[in-house]
Amino acid sequence: MEIFGKNNKMECKEFERRIPDYLAKKLDYPALKLFLEHLDECADCREELDIQFLVAEGMHRLAEGNAFDLQTELGQRLEETRKTLRLHDAFLCLGICMELAALGMLASIVIWILL
């Protein structure tokens, strides 16, 4: 299914549809990146995420009888997600740098052999 709207951005409907997958930690890297980008830009969707998280986790915690601070937990989960994305981006960048270095070495060898 198409997750992009205009300008390769996630639309609100798609964001709301993916909230359960985010809460279950089932989003892949591209969807997660678009999800967080949309979250940063849309106050309505942030509110919807808060509500769904409070309902899902609150019901679970009430059943267990545990004390909880769900707003803080959601903030921590979002920060962990952002750290994961930064780490993934760093590995992608490192991979590109290594490929460029390998291409440079290969080109140098070919030039050395031809000269």
Side-chain angles (χ1 to χ4, degrees):
M1 175 169 198
E2 183 75 22
I3 64 172
F4 302 108
K6 295 177 182 175
N7 302 321
N8 291 331
K9 294 192 177 208
M10 184 175 282
E11 299 289 331
C12 291
K13 271 188 169 181
E14 184 62 26
F15 179 91
E16 290 176 13
R17 191 181 74 71
R18 290 181 178 264
I19 289 174
D21 289 338
Y22 172 73
L23 296 177
K25 299 181 180 181
K26 292 182 179 178
L27 291 180
D28 60 5
Y29 172 77
L32 190 57
K33 190 169 179 87
L34 288 172
F35 185 87
L36 285 181
E37 287 172 0
H38 184 83
L39 181 69
D40 291 339
E41 297 172 0
C42 184
D44 291 339
C45 287
R46 171 60 193 227
E47 186 176 329
E48 183 62 28
L49 175 62
D50 287 345
I51 291 167
Q52 288 194 36
F53 181 77
L54 291 172
V55 169
E57 285 297 314
M59 297 300 275
H60 178 69
R61 299 290 173 80
L62 285 173
E64 292 178 347
N66 295 335
F68 49 87
D69 178 3
L70 295 177
Q71 283 301 113
T72 301
E73 288 183 34
L74 178 58
Q76 290 171 344
R77 182 178 289 195
L78 288 169
E79 186 55 36
E80 288 173 16
T81 302
R82 291 180 202 292
K83 285 180 185 177
T84 300
L85 286 177
R86 285 192 299 267
L87 182 63
H88 192 277
D89 288 341
F91 278 119
L92 285 174
C93 186
L94 178 63
I96 290 169
C97 290
M98 291 177 73
E99 287 178 10
L100 290 174
L103 279 171
M105 290 174 61
L106 183 60
S108 297
I109 292 171
V110 168
I111 290 170
W112 179 69
I113 289 173
L114 293 176
L115 296 177

message = For the CD atom of Glu48 and the CZ atom of Phe15, what is their distance to the nearest 0.5 Å?
response = 8.5 Å
inquiry  = Any heavy-atom pair between the side chains of Leu54 and Gln71 that's under 4.5 Å?
reply    = yes
task = Run the salt-bridge test on Glu79 and Arg86 with the 4.0 Å N-O cut-off and return the result as yes or no.
result = yes
No-hydrogen, no-angle side-chain donor-acceptor test under 3.5 Å, Thr84 and Tyr29 = no
ask   = Under the salt bridge (Lys or Arg N to Asp or Glu O under 4.0 Å) rule, what pairs show up with a residue in residues 87-98, not counting sequence neighbours?
value = Lys33-Asp89
query = When rounded to the nearest 0.5 angstrom, what distance separates NZ in Lys9 from CD in Glu37?
reply = 7.5 Å
inquiry  = If you apply the rule side-chain contact (heavy atoms from CB on, under 4.5 Å), what do you find for His38 with Glu11, and how did you get there?
reply    = CA-CA 8 Å; His38 184 83; Glu11 299 289 331; 5.9 Å; no
task = Identify the two heavy atoms, one from Glu16 and one from Gln52, that lie closest to each other, and give their separation to 0.1 Å.
result = O-NE2, 4.2 Å
inquiry  = Between Glu14 and Leu34, is there a side-chain heavy-atom distance shorter than 4.5 Å?
reply    = no
query = So do the side chains of Leu78 and Leu49 get within less than 4.5 Å of each other, counting heavy atoms only?
reply = yes
inquiry  = Just so I know, are the side chains of Asp40 and Phe35 near enough to count as touching, which here means a heavy-atom distance under 4.5 Å?
reply    = no
task = Taking the side chain as every heavy atom from C-beta outward, state whether Pro30 and Asp28 have any atom pair closer than 4.5 Å.
result = yes
Distance (rounded to the nearest 0.5 Å) between Arg18 CZ and Leu32 CG = 10.5 Å
query = Can you check side-chain contact (heavy atoms from CB on, under 4.5 Å) on Leu27 and Thr81, steps first, answer last?
reply = CA-CA 11 Å; Leu27 291 180; Thr81 302; over 6 Å; no
Report all side-chain donor-acceptor pairs from residues 94-115 shorter than 3.5 Å, counting only partners two or more places apart or in another chain.
from: Ser108; atom 1: OG; to: Gly104; atom 2: O; distance (Å): 2.9

message = Taking Cys12's backbone N and O only, do any of them form a donor-acceptor pair with Arg17's side chain (distance below 3.5 Å, no angle check)?
response = no
